[in-house]
Amino acid sequence: QVQLVESGGGSVQAGGSLRLSCAASGFTGSTSCMGWFRQTPGKDREWVATIRTGGGYPYYSNSVKGRFTISQENAKNTLYLQMNSLKPEDTAMYYCAAQRSSNTFCDWANTRGAFTNWGQGTEVTVSS
């Protein structure tokens, strides 16, 4: 059974940084795609970044490219999202997502419907 547990959210001022973590289990030995999405009240869940486990090219939405970095630590089965130069519009609930997949899945998977495994979310608030 897949389990994803996010942590690291909090409140920061604009220009600050946070690092989110997602501890994953249930993917041992399988190729998968993992990523981060975010959602604000009344809006759809928005793709932020994705990466194929075991090494792969990272993909970023235009709104975070150059400010956020997605990475993974395979030994700990943990996914990270380093968020720098935070803006008030980055305020959202951030969700970790994972999907067992082919090697090319992560090349195009940037919608909520592409992923079936989700964490509970961690809240990020950026004040101006």
Residues G9 and T122: closest non-hydrogen pair is N-OG1, 3.0 Å
Please determine if R67 and D90 form a salt bridge, counting it only when a charged side-chain N lies under 4.0 Å from a carboxylate O.
yes
task = Apply the test side chain to side chain contact (heavy atoms under 4.5 Å, CB included) to residues F68 and L86: give CA-CA distance (whole Å), side-chain angles for both, the deciding distance (0.1 Å), then the verdict.
result = CA-CA 9 Å; F68 291 11; L86 282 160; 3.8 Å; yes
Run the side chain to side chain donor-acceptor pair (under 3.5 Å) test against [X] and tell me which residues pass, sequence neighbours left out.
X   : answer
E89 : none
S17 : N84
T91 : none

Contacts of type side-chain contact (heavy atoms from CB on, under 4.5 Å), residue [X], not counting sequence neighbours:
X   : value
E73 : K76, Y80
T69 : Y60, Q82
A14 : P88, V126

- request: For the pair I70 and L79, evaluate side chain to side chain contact (heavy atoms under 4.5 Å, CB included) and give the outcome as yes or no after the intermediate values.
  value: CA-CA 7 Å; I70 189 171; L79 182 75; 3.9 Å; yes
V2 vs R100, test: side chain to side chain contact (heavy atoms under 4.5 Å, CB included). Steps then yes/no. CA-CA 10 Å; V2 175; R100 287 192 178 90; 3.9 Å; yes
One should read off an interatomic distance between D44 CG and Q39 CD, to the nearest 0.5 angstrom, of 7.0 Å
Q. Checking T53 side chain against S32 main chain: does a donor-acceptor pair fall under 3.5 Å?
A. yes
By salt bridge (charged side-chain N to carboxylate O under 4.0 Å, His left out), E46 pairs with (sequence neighbours left out) R38
Sequence neighbours excluded, the answer for salt bridge (charged side-chain N to carboxylate O under 4.0 Å, His left out) partners of R112 is none
Contacts satisfying ring pair (Phe, Tyr, Trp, His ring centres under 6.0 Å) that involve residues 2-22 (not counting sequence neighbours) are none
For F37, the hydrophobic cluster (side chain heavy atoms closer than 4.5 Å, chained through members) also holds W47, Y57, Y59, M93, Y95, F105, W108, F115, W118
Any heavy-atom pair between the side chains of [Y] and [X] that's under 4.5 Å?
X   : Y    : answer
Q72 : T78  : no
T50 : N110 : no
L81 : R19  : no
M83 : Y94  : yes

Requested in this report: Given side chain to side chain contact (heavy atoms under 4.5 Å, CB included), test L4 with N117 step by step and report yes or no.
Outcome: CA-CA 8 Å; L4 304 172; N117 303 292; 4.2 Å; yes
So disulfide (SG to SG under 2.5 Å) across residues 76-127, not counting sequence neighbours, yields C22-C96, C33-C106
Applied to residues 4-13, the side chain to side chain donor-acceptor pair (under 3.5 Å) test, sequence neighbours excluded, yields none
